[in-house]
Amino acid sequence: MYMQQHTLVDQVINSRHSVRAFKTTPIETQTIKDILTVSSRAPSGNNIQPWKVYVVTGQKREALIQKVCAAQTEIFTHPEKADLYQESFKYYPIKWTSPFIERRRENGWGLYGLLGIQKGEQDKMQQQLLRNYQLFDAPVGLFFTANTILETGSKMDIAMMIQNVMIAAKARGIDSCPQAAWNPFHQVVAEVLDIPDDEELVCAISLGYADESEVVNQLQTPRVPVEEFAIFYD
Ligand SMILES: Cc1cc2nc3c(=O)[nH]c(=O)nc-3n(C[C@H](O)[C@H](O)[C@H](O)COP(=O)(O)O)c2cc1C
C-alpha cells in the first residue's frame, strides 16, 4: 500500500508553495478541524504535543488585521517605534553570512521582481509587507503559540505540526503561507485573541484558496540539490 502512495505524497509536497494572494472563498470549519486533527499526528519529544492553535476567521480576523496593519503603519511612519514590537524569540540570524544571505536576497528580489518593486521603493515594499498582515486576503489565519516554559525543541515539534497542516491542507486543495512576519506583533495578537501571558507566538499561517490570476503566486523557489546538502557515509 505504501509503495503505491509515495508518488501521491511526493506530489502534494511538491505542489505546496507559499501563496501570497488568496480568494475570499471561506473554508468549512469541519475541514479546518480535519486538517488540524490529522496534523496533530506530528511527532513531538515525549509526546508533549506543545502546539496550541488559534483559528481566526470572520470579525476577529477583521479586528486583528485592522490592529496589526495600524501597528505596522505606525512603525513605517515612525521607525523609532519599532522597538515597541519585538518578537519573543529570534527567527532569523542577527548577522547574515553566505550561503544564506545570497539565498535570502534571491528570494526577496524574486518576489519584488514579480511585483515590479525596485530597489529603494520603500512605499511599495511597505504595501507588500502589509499584505502579510491582511493574511494576503485568506479567509483563515492560524496562529501557533507555545508555552513560554518550553524550549527550542518544542518549536521544532510545532514546526512539524505546521508542515503537516500545510500538506494536509494542500491535499484538500487548500493553499497556505507560513508567516513569521506576525511574530513581532505578538502583544497585539495576544490582546485581540485573549492569548494568556504564558504563551508566545511562534508562527502564523494564512490558509485559503489561491487566486491563480495573481502574478505574485507565480514565484518559483529553487532548492539546492541533495548532493549539496547531504553527506552520505557507508
Ligand atoms: C516559518 C516560516 C516563516 C515564513 N514567513 C514568511 C512571511 O512572513 N511572509 C512571507 O511572505 N513568506 C514567509 N515565508 C515563506 C518563505 O519565504 C517560503 O517558504 C520560501 O521562500 C520557500 O518558498 P515556498 O514556500 O513557496 O516553497 C515563511 C516560511 C517559513 C517556513
Side-chain angles (χ1 to χ4, degrees), residues 17-24 54 56-97 100-145 162 175-195 197 199-208 210-211 213-219 221:
H17 66 108
S18 294
V19 161
R20 297 184 179 87
F22 292 85
K23 294 179 189 155
T24 53
Y54 295 81
V56 184
T57 58
Q59 284 184 3
K60 266 286 180 218
R61 176 187 169 283
E62 293 300 323
L64 192 60
I65 286 175
Q66 195 266 324
K67 285 231 158 125
V68 175
C69 283
Q72 172 52 42
T73 304
E74 188 187 21
I75 294 175
F76 186 64
T77 45
H78 302 282
E80 72 280 4
K81 296 204 172 167
D83 286 351
L84 295 173
Y85 304 99
Q86 294 288 344
E87 55 195 350
S88 62
F89 69 97
K90 286 225 76 68
Y91 179 61
Y92 291 111
I94 297 168
K95 186 173 154 32
W96 286 90
T97 56
F100 312 113
I101 189 162
E102 292 85 2
R103 292 180 193 158
R104 177 189 186 221
R105 282 194 185 129
E106 181 186 10
N107 195 63
W109 287 115
L111 183 65
Y112 285 162
L114 275 178
L115 293 165
I117 301 175
Q118 284 162 20
K119 222 173 181 164
E121 293 191 309
Q122 299 297 335
D123 285 347
K124 288 188 184 172
M125 288 179 190
Q126 164 69 358
Q127 285 314 309
Q128 181 54 26
L129 185 57
L130 280 177
R131 294 291 294 140
N132 275 280
Y133 309 118
Q134 294 156 356
L135 292 167
F136 305 110
D137 296 333
V140 182
L142 301 180
F143 292 82
F144 288 80
T145 65
I162 287 173
D175 294 286
S176 59
C177 186
Q179 295 175 265
W182 288 81
N183 292 0
F185 298 102
H186 167 87
Q187 290 303 340
V188 186
V189 175
E191 209 176 287
V192 178
L193 303 182
D194 291 324
I195 296 176
D197 285 348
E199 288 177 34
E200 61 178 339
L201 185 60
V202 173
C203 188
I205 305 184
S206 289
L207 206 61
D211 183 345
S213 68
E214 288 286 340
V215 70
V216 71
N217 287 337
Q218 288 169 13
L219 184 67
T221 56

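Note that this is a predicted model, so its numbers are computed, not measured. Scope of the values below: all heavy atoms of this structure, side chains included, with no hydrogens, waters or symmetry mates.
Just one residue in the list Phe185, Tyr133, Trp182 forms a ring-ring contact (aromatic ring centres under 6.0 Å, His included) with Tyr85, and that residue is Phe185.
Atom CD of residue Gln127 and atom CG of residue Leu115 lie 11.5 Å apart, to the nearest 0.5 angstrom. Between the CG atom of Asp175 and the CZ atom of Arg20 there is a distance of 12.0 Å, given to the nearest 0.5 Å. Rounding to the nearest 0.5 Å places OG of Ser176 at 11.0 Å from CZ of Phe136. Separation of atoms CG (Asn217) and NE2 (His17) is listed at 6.0 Å; rounding is to 0.5 Å. Going from atom CD of Glu62 over to atom NZ of Lys67 covers 13.5 Å, rounded to the nearest 0.5 Å. Within the model, atoms CD of Gln126 and CD1 of Ile117 stand 11.0 Å from one another, a figure rounded to the nearest 0.5 Å.
Residues Val202 and Thr145 come closest through the heavy atom pair CG2-C, 4.1 Å. When every heavy atom of Pro178 is checked against every heavy atom of Cys203, the shortest pair comes out as CB-SG, 4.4 Å. Across all non-hydrogen atoms, the minimal contact from Gly116 to Glu121 is O-OE1, 3.6 Å. The shortest heavy-atom contact between Thr24 and Pro139 is O-CB, 3.9 Å.
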Steps toward side-chain contact (heavy atoms from CB on, under 4.5 Å) verdict (Phe143, Leu64): CA-CA 11 Å; Phe143 292 82; Leu64 192 60; 3.4 Å; yes
Going through the distances and angles, do Gln72 and Leu130 end up as a side-chain contact (heavy atoms from CB on, under 4.5 Å)? CA-CA 7 Å; Gln72 172 52 42; Leu130 280 177; 3.7 Å; yes
In sequence, state the C-alpha distance, the side-chain angles, and the governing distance for Leu114 and Val215, and then conclude on side-chain contact (heavy atoms from CB on, under 4.5 Å). CA-CA 7 Å; Leu114 275 178; Val215 70; 4.0 Å; yes
What verdict does the side-chain contact (heavy atoms from CB on, under 4.5 Å) test give for Tyr54 and Glu199, after you've listed the backbone C-alpha separation in whole Å, the side-chain angles of each residue and the deciding distance to 0.1 Å? CA-CA 12 Å; Tyr54 295 81; Glu199 288 177 34; 2.8 Å; yes
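Between Tyr112 and Trp109, the ring centre distance stays below 6.0 Å.
With contacts defined as side-chain heavy-atom distances shorter than 4.5 Å, the pair Leu135/Gln179 qualifies. Side-chain contact between Phe22 and Leu207: absent, with no pair of heavy atoms (C-beta onward) separated by less than 4.5 Å.
Other residues, nucleotides and ligands place no more than 12 heavy atoms under 6.0 Å from the CD atom of Gln59.
In this structure, Glu102 has no salt bridge (Lys or Arg N to Asp or Glu O under 4.0 Å) partners at least two apart in sequence or on a different chain.
When atom types are taken as modelled, the side chain of Lys60 and the backbone of Val192 share a donor-acceptor pair closer than 3.5 angstrom. His186 contributes no side-chain N or O that, together with a main-chain N or O of Glu200, makes up a donor-acceptor pair within less than 3.5 Å.
Ion pair Arg131/Asp137 flagged as a salt bridge, since at least one NZ, NE, NH1 or NH2 atom sits closer than 4.0 Å to an Asp/Glu carboxylate oxygen.
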